[in-house]
Amino acid sequence: MSALAPLTIPPTAAGQVVFSATDITKSFGPVAALSGVSLELRAGEVTALMGENGAGKSTLLKIITGDYQPDTGTLTLHGGPVHFGEPRESRTAGIRVIAQEPEIIPHVSVAENIFVGLLGTRGPIFRRRELIERARTALAEFGFAGVISPEALGSELSAAQRQIVEIMRAVVDHPAVICFDEPTSSLGEEEAAILFDLIRRLRSDGVAIGYVSHRMNEIFRLADAITVLRDGRLVGTKRTEDTDHDDLVRMMVGRDLSQMFHREPVTPGATILSLNGVGNEFVHDITLSVHAGEVVGIAGLVGAGRSELLKTIVGDFAVESGDLGVGGKTVTFHTPADSVAAGVGFAPEERKAEALIMQRSVRDNIALAVLGQISRGRFVSSTREEELAHGFITKLGIRTPSDRQLVKNLSGGNQQKVVLARWLATKPRLLLLDEPTRGVDVGAKAEIYAIIDELARAGVAILMVSSELPEVLGLADRVYVMASGRITGELSREDATEESILALAMD
Amino acid sequence: MPTQTVSTSSPTRVSPADSPGFFRRFLTAMGVQNMSLLMAIAFVVLVIGTQNPLFFTVPNLKVIGTAIAISGLLAVVQTLVIIMGGLDISVGSIAGLASVTSAMIFTSAGPLIGVVGAVGIGLLCGLINGCIIVFGRVNPVIATLATLAAYKGIAQLISDGRAQGYTGADPFFVFLARGSVLGVPTLIWILVVIALGIHVLLRYTTMGRNIYAVGGNDVASRLAGININRYILGIYMMTGAVAALAGILITARTGSGQPVSGSEGLELEAITAAALGGAALKGGKGTIAGTILAVILLGILTNGMTLLGVNSFWQNVAKGGLLVLAVVLQQLRSGERRIGLPG
Amino acid sequence: MPTQTVSTSSPTRVSPADSPGFFRRFLTAMGVQNMSLLMAIAFVVLVIGTQNPLFFTVPNLKVIGTAIAISGLLAVVQTLVIIMGGLDISVGSIAGLASVTSAMIFTSAGPLIGVVGAVGIGLLCGLINGCIIVFGRVNPVIATLATLAAYKGIAQLISDGRAQGYTGADPFFVFLARGSVLGVPTLIWILVVIALGIHVLLRYTTMGRNIYAVGGNDVASRLAGININRYILGIYMMTGAVAALAGILITARTGSGQPVSGSEGLELEAITAAALGGAALKGGKGTIAGTILAVILLGILTNGMTLLGVNSFWQNVAKGGLLVLAVVLQQLRSGERRIGLPG
Amino acid sequence: SSGMEAPGESGAAGGKKDGPLTIAYLQKQGDQQYFVDEAEGAKAAAKELGNVTIKVVNLGVDANKAISEMDSVIAQKVDGIIIVVPDQQIGPQVLDAAKAAGIPIMASDDVIQDAAGKDAPFAGFDGTAMGTKVGEEAARLYAESGWTAENTRILSAGKLDLSVCNQRMDGAAAAFTKAVGADGPQTIQIGTDNSATDAQNKAGAVITANAGVQNWVVWGCNDESSTGVVTALQNSGVSPANINGVGLGAYLTCKDWSAGQTTGNKSALYISGVEVGRAAVTSMVDLLRNGTALPPATIAKTEIVDAGNWKEKGVACT
Ligand SMILES: Nc1ncnc2c1ncn2[C@@H]1O[C@H](COP(=O)(O)OP(=O)(O)OP(=O)(O)O)[C@@H](O)[C@H]1O
Ligand SMILES: Nc1ncnc2c1ncn2[C@@H]1O[C@H](COP(=O)(O)OP(=O)(O)OP(=O)(O)O)[C@@H](O)[C@H]1O
Ligand SMILES: [Mg+2]
Ligand SMILES: [Mg+2]
């Protein structure tokens, strides 16, 4: 019993509404996350859900899955009204939502992670080998065979692999409705391509699909219809063919967005960061340099070791061979505390696991790395802290009712902005950014790019890892490409193109 | 607080070629945890055995087995609770309550009803724990700390703080305490059966896997459609029932129902064994095999030191020291990164 | 600002108009947790006070204050450890060890060196705990369970299990035990000073913020440049020192150094108070104010029930029941969703 | 097996053993001062008698551990067992086990009986008798002070779920009532964990509740309990002259006397653990070497001591 049955076709004919949410309202205390929002999902169609960070997209999806209950409004499935008090009720009804933050069970296998919640459907006996085989088959069927082992433990997975597990969990038992919440924000190009194939296949099989993303090009590649939210309200729904990039941005942001990237050629200053043959368990023989005023990109496929390289630089992983120089001096960072003291900022990739103190306030999180600087003696100065937090809330457009809001209550994109704010606040001379715009909306992205450019012109050296090639191409003065923990090439701004980068990344 | 921080160190990208070697596979199957415990047991056995060969005699092994039966039972269910992400500090009190009630019911209605009644009370106590946690939204530690006091008080009240009844002449209770089947004492059989049962449950049933899922990440489990409240209630009831069984065995061994003596402090022993056996107090991790090895290690340590005539003050020092040593060994061998608070 | 693009509208959707009312603001400042505890205290005080007005007399308030001083000290530091994401089960043993050593050193070298020596031993014990955790990579629960046994054994060994010395005639120890400043007993002053100090530390200093951060997410804290190992070591040493102070107070109150009596079981009391006061055992959450309220609630409960002549068995039942009630109230008022394991 | 097989009537009678002897001394609360003394007395006697090893085992207050350790020493084939049970109800189990193994056994400190109600050989001073002596002394002090029932209360403190505490405290109450008559002062029981600090805390509340009382008679399950209550009384402003505290053990009460303090701890029952341990081991060795039957009851040296005579009575004050 290892072969998976082909996807069953839901009874609804293509184009018909399978699921709808009507006039949904939802508030969290004083925050109105949704007011009077409606959404329709049609069989065999992808409906994109767009809007700025904090517009209410994830909240809507959580209502659809039964994780939250709406304050008012109704849900219908196959024409009949439904009420989901618990996620298991929506699951039983054939609805799956892929959450924005993948939730992984750390100490069990990928296979069990994929089939969690479905184990009991084949009787009370758990057959490990059979489940592994089923998972292997399913991974192969959906195109993820080489990306992830069904026997690996949840705790060993990279961000991309966790996202894939989360996706597999939703698609594996042929639901009628699937909603994706920013599934590509932690995927590389390769995995994203697999995912798009998967979504097209689901669509041709008649599944009704909802799709949240901040990446315009994905939307135009995939979506049949686009629903836009702003400030928790419905702006409108359009067929993809009736709209274009600028129109969408206008619907989302409320005005035109003139230019995404602005970067003028620079004359690099002194060498701020230099690696000479640096190696350890994760990366090998890395030689690179970043100069003051430069934005240097690191490109590569997921798993190339880019994040590990940044962590090695800041002292989270030990440098086992080679030399690390910062500001012209050879240094040894025993822990990240040393690198922070040396003026190195590092915004890690995984905001939930590695960056944010979820149950603390926005203010605390922004001030975390500069507490020493905003304190008087050993006492934290509340006014300076507030100034600092308010400054960044305004500058980055962090959508929060107050600087006292707990970070766990922010939308994903706004959480990412808090991470950036923390490191901008340190006024570093070297800033390492790992996927800095993960889950950030178009408007805010442009804002962040402008800030990066501004910092560079003020003399900060910036080393940025990104899986979004347009971002690398648009911002970086130079690009290093990594594969299997090694640098496989260095490209100047002029030589860097999608093709040249991918060629080196495939090494 | 549903956030479960997943360490993101080194993911495994699969190539079909890299199948691990046999030794590595064996180690993985056994678990670093268990290997270290086995080594610690071997070490202690060797040291004690060379000092006093009596240690190896069959009667002494039986003594060790029967001595660990009761704390072993509690350690095994505690492991279950811990894997699910909870903790049950009230087990000792439930055992005490079950001990007196079994003896009191026995005195008036015979052994069978005594046993059934006590187990029923254990189930009820577990249900109460579960309800306080699930519906009262009380952290499991506080909830069971509170019922630790409450159940103890009830046991003292119904018994007036005194040992109750006399079961030392009843064939059934005597069989529990001193009987044997195929030369192996009944007490050991009971531990083996329950431990095996829970081992099978955890390892080979979907229920067991769901328990790991709930403990590993309750948000993921809930979103995946697992009825986690039902699991929490069920496990606490199961724990209550096994704690009651332990109480009945205390009655059988001591010949009378003991409201407090014999069960006070068992919770710490059980938690120690589960944690030493590799159960992570954050949930989602642990095995019955590890716990049983830990129970055996602690059991032979106590037995051996008494056998060698080690002064009870030194015993405390040695026990503490050896515990640290065993775990440090475990951790160093597992090669975890030395960062932050160990889980 | 060269090429500017968009600036996102108003960062927050909360208009200045709907600022929360005063009562809401007060509630938030006070915390739901603390409000419920205050209500529980008010309820208990009312019930006991109407039954026996003597409860309100100044001498009785002093009795309550001095009775909670020692467990209060331990609860306060335990809160600190819990916020940081750890746990220290060895505090009772450290207190016992400090109690005997303070009396023994006092006997040969006077009160000052006695106190300094005992605190030094507490610091050393804390350092050992911290090192086992940080460098041995041992889970804090097992590490301190192990040292609980070890320190107790050492205290028994050096004292041969006997109460040591006599401090009842020494002015300094008598001042600690029975003296008062401005009409308030010294014991209460000590608790107030330490609690206030730790409150200020947690709330207003960078160190305190970092402690919350380490408990909330140790990986993030490390990457943000916090030297978490140093924090863990420091907090455990601080805990050791305060536990030693508690031990010295035990010596002062009983007039002699007690290796075990009076300090055994204090760890559970401390953890109960911290958890009841709202400290999350997963770390990152908790306040000294909450813990102190919890200590007071537990203290007046014990005092009141004894005052009313409630039998000690009923006291257990009532204490367990009230504990559950207080926390259930807390949780229901906080409006958390009733799903899964409460944190 | 069913576990019900009748034990072989092999040993129990003892006999002439010439070689080295091992005697197990199982003690409840082995970390308490009295029992530490007892173990030392036992070892001292063993040394004097020669070629005897004493194996001391601490049972805590755990009845179940008592059974485990019984099994353990039986498996180790010790020559004789002396036991202080944590709970007297386990007597039959303990005696059966020893009988089945053919190992002679005697009880120490707390009397135990077999299933038929027959007392085992015993060395020590049983709980009720100790309580009786304390109660009698308290009555004597009460009469001497010339207090009346109206202005006096009795505080009796100890761990109420320990059978031995109940016996001691009940014994004291009974003896007191017997001596002063049924119209004596009212008794207030205070449940504690047997530590001095807990006694102080709990007594504080009781003193509040009895604000008008002038004079106090105090006793408890152990020295910790009685001295804790006396300290609480003195802290609340009661003069030592208005307190008649009778300790049990004398190891803490002696400290006030040794320092020459005026104290409400007027006297104490001195129970010499050393003597009990010595006597028990001596009898056991006599049985094993010479076949002399164990004496049914060896009562060790116990007497009331006070500030004036504690030194000469041999109380060791650490
Ligand atoms: N549990 C909660 N408590 C309080 N506020 C919340 C909670 N969950 C969401 N919000 C708020 O509701 C609003 C909508 O959040 P939501 O997560 O739906 O945004 P989103 O559109 O998914 O944004 P993003 O693109 O950043 O993921 C935000 O202002 C957020 O702060
Ligand atoms: N076959 C393998 N076995 C073990 N570890 C591997 C294997 N392949 C890759 N890795 C590790 O997994 C890591 C993947 O981490 P991660 O995905 O964060 O890398 P990355 O290049 O930063 O990609 P991204 O940041 O886009 O996710 C690699 O750096 C590498 O060390
Ligand atoms: Mg979102
Ligand atoms: Mg990465």
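Every chain is numbered from 1 and lettered A, B, ... according to where its sequence line falls, protein lines coming before strand lines.
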(message) What part of D/Gln88 gets within 4.5 angstrom of chain B, counting heavy atoms only: side chain, backbone, both, or neither?
(response) neither
(request) Could you tell me which portion of D/Ser163 (side chain, backbone, both or neither) has an atom closer than 4.5 angstrom to a non-hydrogen atom of chain B? (result) neither
(message) Taking side chain to side chain contact (heavy atoms under 4.5 Å, CB included) as the criterion, tell me which of D/Val57, D/Ile74, D/Ile23, D/Val94 meets it with D/Ile81.
(response) D/Ile74
(request) Name the option with the most non-hydrogen atom pairs under 4.5 Å to chain D; the candidates are B/Asn303, B/Leu249, B/Ile250, B/Thr306. (result) B/Thr306
(request) Would you mind telling me which of B/Gly255, B/Gly161, B/Ser180 has the largest number of heavy-atom pairs within less than 4.5 Å of chain D? (result) B/Ser180
Proximal component of [X], with respect to chain D [non-hydrogen, under 4.5 Å]:
X        : result
B/Ser256 : side chain
B/Ser159 : neither
B/Arg253 : both
B/Ala155 : neither
B/Val181 : backbone

(message) For residues 31-56 of chain D, give me every residue with a non-hydrogen atom less than 4.5 Å from any non-hydrogen atom of chain B.
(response) D/Asp31, D/Val36, D/Lys55
(request) Could you walk me through whether D/Tyr25 and D/Val73 pass side chain to side chain contact (heavy atoms under 4.5 Å, CB included), step by step? (result) CA-CA 10 Å; D/Tyr25 211 129; D/Val73 295; over 6 Å; no
Ignoring hydrogens and angles, tell me if any N or O in the side chain of [X] forms a donor-acceptor pair with the backbone of [Y] under 3.5 Å.
X        : Y        : result
D/Ser72  : D/Ser68  : no
B/Thr186 : B/Gly179 : yes
B/Tyr151 : B/Cys125 : yes

(request) Report the C-alpha separation of B/Val184 and B/Val192 in whole Å, then their side-chain angles, then the decisive distance to 0.1 Å, and conclude whether the side chain to side chain contact (heavy atoms under 4.5 Å, CB included) test is met. (result) CA-CA 11 Å; B/Val184 176; B/Val192 167; over 6 Å; no
(request) State plainly whether the residues D/Asp110 and D/Lys28 are in salt-bridge range, i.e. N to O under 4.0 Å. (result) yes
(request) Name, in order of residue number, those residues of residues 43-70 of chain B that have a heavy atom at a distance of less than 4.5 Å from a heavy atom in chain D; otherwise write 'none'. (result) B/Leu54, B/Pro59, B/Asn60, B/Val63, B/Thr66, B/Ala67, B/Ile70
(message) Which heavy atom of B/Ala294 sits nearest to which heavy atom of B/Gly277, and what is that distance?
(response) CB-N, 3.7 Å
